[in-house]
Amino acid sequence: MAEPPQAFLESIDCPFETDAPIGRRTWYGIGGKAGICAHPRNIEQLTALGRWAHHQNVPLRVLGKGANLLVASAEVDGIVLMLDAPPFRSIEIDQDLCTVTCGGGAPLEQTITTAVRAGLEGLEHLAGIPATIGGALRMNAGGAFGEIGPAVLSITAMGPNGEMEPWTRDDYEYAYRKTNLTDHIVAEAVFALKKTETPEALRAELKRVMKFKKDSQPMADDSAGCAFKNPIGRSDKPAGRLIDEAGLKGFRIGGAEVSNIHANFIVLHEGAKATNVLALMNHVQQAVREKHGVELEREVVVW
Ligand code: EPU
């Protein structure tokens with residue numbers, strides 16, 4: 001007989017919510033709920049939960065910042081995890097080793113500012129990307145100035161069987177917005193940085209990257225960033241251009257609209273529903289397929 005998740009979570013003293021409105025916690029601010037949303041207190045509880053879920057065949061999903069996520073289902077099955085307890089949000093600098101060690105739920109922005117304040121360079125080019133460390137590592141988050149992959153020294157990640165695995169930088173394989181961490185949950189990561197000789201210049205660089213991001217992507221506040229990956233190797237045009245040339249700027253389904261400023265951003269209006277966003281993404285994919293013969297792949301994760 002399957003054990004109800006509530007009973008198990010209570011038995012290990014792991015805090016959880018029922019009917020958690022997780023759609024509202026994403027950047028889109030809309031979408032369904034999680035039947036159960038658990039907040040493990042530490043790695044031990046996370047591991048216990050991982051092993052239990054493996055044996056019971058219960059899917060686990062992690063909600064990070066929700067910056068790249070659409071909760072399209074009315075109710076997400078299995079257990080949704082939030083790594084928001086202090087051990088998962090910790091950020092520690094080691095000046096001798098020139099590393100920053102952080103929990104999988106630590107905010108990327110805070111990790112970057114902590115490193116820059118400590119005079120360590122190597123993450124500042126990622127400024128302005130909203131993510132937790134786990135989410136950023138899973139999709140190899142990046143922007144105009146580079147990606148997170150090259151900074152990784154090691155990762156502690158829970159595999160699908162619930163066991164914690166120590167990954168070296170060689171185990172972690174990454175490409176454009178893609179990694180081999182897909183069915184793992186990051187508990188902790190260590191980044192190898194470099195002591196700067198010029199702390200003021202490093203702080204200025206951080207500001208420069210943030211300004212560039214703000215200036216070029218004015219819509220970021222009401223959207224979840226780029227909706228589609230650039231079809232690198234399959235088209236010489238980025239997704240934004242392909243969508244633009246398909247004449248879709250301003251195209252709207254319900255409360256979801258293709259941004260007039262940058263065609264790879266979907267922006268929302270009052271009353272928008274997650275199903276509107278999903279329908280709009282499908283429409284965009286179909287229109288780009290017909291116009292350009294290119295299959296766009298979603299960057300936004302859909303639950
Ligand atoms: N373009 C159009 N019409 C548009 C939008 C763009 O023709 O509506 C053309 C422009 O001519 C521009 C080109 O497309 O020269 C590329 O646009 P942009 O410079 O904005 O870059 P992108 O490829 O659309 C990528 C990332 C962004 C990242 C920027 C940094 C992807 C899918 N997108 O955008 O990442 O911030 O580079 O410059 O990789 C994200 O991942 O969520 C994201 C926003």
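Both ligands and their constituent atoms are indexed starting at 1 by order of listing. Index from 1, following the sequence.
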| Does the N or O separation between N264 and ligand 1 drop below 3.5 Å for any pair? | no

| Enumerated ligand 1 atoms positioned under 4.0 Å from heavy atoms of F228 | 32 (C)

| said: Can you tell me which portion of P238 lies within the under-4.0 Å heavy-atom range of ligand 1? Options are side chain, backbone, both, or neither. | reply: side chain

| Nearest non-hydrogen atom to atom 22 (P) of ligand 1 belongs to which of N230, L242, I243, L248? | N230

| Does an N or O anywhere in G143 fall below 3.5 Å from an N or O of ligand 1? | no

| said: Show the nearest heavy-atom pair for residues G31 and A274, with the distance to one decimal. | reply: CA-CB, 3.8 Å

| remark: Within 4.0 Å of some non-hydrogen atom of F265, the atoms of ligand 1 are 44 (C)

| field | Nitrogen or oxygen atoms of E299 and ligand 1 under 3.5 Å apart | value | yes

| message | Within the structure provided, determine whether I243 and N264 are in side-chain contact (heavy-atom separation under 4.5 Å). | response | yes

| query | What atoms of ligand 1 come within less than 4.0 Å of a heavy atom belonging to A263? | reply | 4 (C), 5 (C), 8 (O)

| message | What I want to find out is whether R61 reaches D77 closely enough, with some N-O distance under 4.0 Å, to be called a salt bridge. | response | yes

| task | Have a look at ligand 1 and work out which part of D244, if any, has a heavy atom under 4.0 Å from it: side chain, backbone, both or neither. | result | side chain

| query | Have E10 and Q6 got a donor and an acceptor in their side chains that come within less than 3.5 Å? | reply | no

| Is E245 salt-bridged to K237, cutoff N-O under 4.0 Å? | yes

| Heavy-atom contact under 4.0 Å between K213 and ligand 1? | yes

| query | For atom 12 (C) of ligand 1, which candidate among E147, R241, K237, M139 provides the closest heavy atom? | reply | R241

| task | Using a strict 4.0 Å cut-off to heavy atoms of G225, name the atoms of ligand 1 that fall inside it. | result | 42 (O)

| query | Numbering the atoms of ligand 1 from 1, which are under 4.0 Å from a heavy atom of Y176? | reply | 31 (C), 32 (C), 39 (O)

| message | Any heavy atom of R177 closer to ligand 1 than 4.0 angstrom? | response | yes

| query | Going by atom types only, do H39 and E17 share a side-chain donor-acceptor pair under 3.5 Å? | reply | yes

| Can you tell me if NZ on K273 sees more than 12 non-hydrogen neighbours from other groups inside 6.0 Å? | no

| Can E109 and K65 be counted as an ion pair, charged N to O under 4.0 angstrom? | yes

| query | Does a side-chain N-to-carboxylate-O contact under 4.0 Å join R203 and E124? | reply | no

